[in-house]
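Notes for the one structure printed next.
Numbers for residues simply follow the sequence, beginning at 1.
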Amino acid sequence: MKELYRLKLVSKSWKQLIEHTPWFWAHVSADYPTTVIKDCLRLSGNHFLRIRISTSLDYFSLDDFSLEAKSPKDWTQKLQLLQPHAERWETLNFNIRERSLVDGQHIKDFLESPAPNLQSLVAILPDTMPPGPPTFNLACGKANRTKHLRLKNALLPWSSQLLTGLETFILNVESVVPVEGIMNIFINCPDLRSFELSYHSAGQNIPALPLLADPNPLYVSAGALEEVKLRFDDPGIASRILSQ
């Protein structure tokens, strides 16, 4: 992004070209200064947005903007800038690993913003405390175009429209293994190509698996499935899921 600002200085015609090409401004990162985020939101027009919010530096995409120190107030301000544009979100990569940086209520409000055009969502939150990961009504439950979903230390209502029509689904949780909800993923997503489920006990006792509402075996079809990855502290959990 910093290179784009340098190119604007080449000439007046270059400046006009850059500022009148909305997709140049469609990628918005919380690494950017507030003034740059405002420019992106304004100059992208009605173009769909690719949003990246991460407290972890990615050295493969690092630019000078990423080196700026950010306080909890900075993070909150940037979330508040981006939230009113949720209807334009096409992809959202939300990776907040430090509890002290963003207030939990602000995270909830942001992730539950109505985002009907969302096609890809990554939500990675800090390690959870008992009784388990929080549940969010992600994208206000209205993102029925979502094809790719990755959740870590976060859950969503199993009736959410985000869980219909997925092509890839990755879930990484602690303390809770929502077996019945996971089975419904295969029923509601006939085009699911890749499925990954990870469970980590975080030093706690491995919980007993919840009983399915119906004690009879549940058989599901996954004709499009190409890849399955299961990672658990207890191999019995994987056996229980695969036995369904």
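Using a 4.5 Å cut-off on side-chain heavy atoms (C-beta onward), W89 and T91 make no contact. Contact check for I185 versus N188: no side-chain heavy atoms found under the 4.5 Å cut-off. Between E19 and K15 there is a side-chain heavy-atom pair separated by less than 4.5 Å. With a 4.5 Å cut-off on side-chain heavy atoms, F195 and K229 do not count as touching. Residues N93 and I53 fail the side-chain proximity criterion, which asks for heavy atoms closer than 4.5 Å. Counting heavy atoms from C-beta on, the side chains of C140 and E112 never come closer than 4.5 Å. You'll find the side chain of Y5 reaches within 4.5 Å of the side chain of V36, heavy atoms only. The shortest side-chain heavy-atom distance between F94 and I51 does not fall under the 4.5 Å cut-off.
Residue L192 holds its CG atom at 11.0 Å from NZ of K147, rounded to the nearest 0.5 Å. Atom OG1 in T34 sits 5.0 Å away from atom NZ in K78 (nearest 0.5 Å). In this structure, OG on S29 lies 7.0 Å from CD1 on I37, to the nearest 0.5 angstrom. Considering CD of Q161 and CG of L156, their distance stands at 11.5 Å, rounded to 0.5 Å. Taking CG of D109 as the start and CD of Q80 as the end, the distance is 9.5 Å to the nearest 0.5 Å. Expressed to the nearest 0.5 Å, how far CD1 of I107 lies from CH2 of W75 amounts to 10.5 Å.
Under a cut-off of 6.0 angstrom, the local environment of NZ in K108 is crowded, with over 12 non-hydrogen atoms contributed by other residues, nucleotides or ligands. Residue E167 qualifies as enclosed at atom CD: its count of foreign heavy atoms under 6.0 Å is above 12. By the neighbour-count criterion of 12 heavy atoms within 6.0 Å, atom NZ of K8 is densely surrounded, having more than that number from other residues, nucleotides or ligands.
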message: Apply side chain to side chain contact (heavy atoms under 4.5 Å, CB included) to residues L171 and L149 and explain how you reach the verdict.
response: CA-CA 8 Å; L171 178 63; L149 180 62; over 6 Å; no

task: Take F24 and L7 through the side chain to side chain contact (heavy atoms under 4.5 Å, CB included) test and state the conclusion after the steps.
output: CA-CA 12 Å; F24 281 170; L7 290 172; over 6 Å; no

- request: May I have the step-by-step check of side chain to side chain contact (heavy atoms under 4.5 Å, CB included) for D103 and T76, ending in yes or no?
  value: CA-CA 8 Å; D103 176 77; T76 300; 5.6 Å; no

- request: For C40 and M1, run side chain to side chain contact (heavy atoms under 4.5 Å, CB included): C-alpha distance rounded to whole Å, both residues' side-chain angles, the deciding distance at 0.1 Å, then the answer.
  value: CA-CA 10 Å; C40 289; M1 179 57 71; 3.8 Å; yes

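Nearest heavy atoms, K142 versus L162: N-CD1, 4.5 Å. When all heavy atoms of C189 and G165 are compared, the pair lying nearest together is SG-N, 3.6 Å. Between A115 and A143 the shortest heavy-atom distance is O-CB, 3.3 Å. Of all the heavy atoms in L125 and A154, the pair that sits closest is CD1-CB, 3.8 Å. In this structure, P114 and A86 approach most closely via the heavy-atom pair O-CB, 3.2 Å. The nearest pair of heavy atoms linking P22 to S44 is CB-O, 3.3 Å.
No continuous path of hydrophobic side-chain contacts links V102 to V122 [ILVMFWY only; heavy atoms under 4.5 Å]. Residues F136 and W158 are members of one and the same hydrophobic cluster, defined by side-chain heavy-atom contacts under 4.5 angstrom among Ile, Leu, Val, Met, Phe, Trp and Tyr. Grouping the Ile, Leu, Val, Met, Phe, Trp and Tyr side chains by contacts below 4.5 angstrom, directly or via other members, places L92 apart from I124. When the side chains of ILVMFWY residues are joined at heavy-atom separations under 4.5 Å, either directly or via intervening members, V10 and L17 end up in two distinct hydrophobic clusters. If you chain together hydrophobic residues whose side chains sit under 4.5 Å apart, L43 and F48 never meet in one group.
A salt bridge is defined here as a Lys NZ or Arg NE, NH1 or NH2 lying under 4.0 Å from an Asp or Glu carboxylate O, and D31 with R52 meets this definition. Note on E227 versus R193: no salt bridge recorded, every NZ/NE/NH1/NH2 to OD/OE distance being 4.0 Å or above. E196 and R150 are not joined by a salt bridge, as no carboxylate oxygen comes within less than 4.0 angstrom of a charged side-chain nitrogen.
Checked by atom type and distance alone, the side chain of S160 never pairs as donor or acceptor with a backbone atom of L163 at under 3.5 Å. Of the possible polar contacts, none joining the W25 side chain to the H20 backbone as a donor-acceptor pair under 3.5 Å is found. Remark: the backbone N or O of H47 is paired with a side-chain donor or acceptor of R88 at under 3.5 angstrom.
Between the side chains of T146 and Q119, no donor-acceptor pair of N or O atoms lies under 3.5 Å. A donor and an acceptor atom, one from each side chain of R145 and N117, are located under 3.5 Å apart.
Ring geometry for H27 against Y32 counts as perpendicular: the plane angle is over 60°, on a 0 to 90° scale with 30° as the lower cut.
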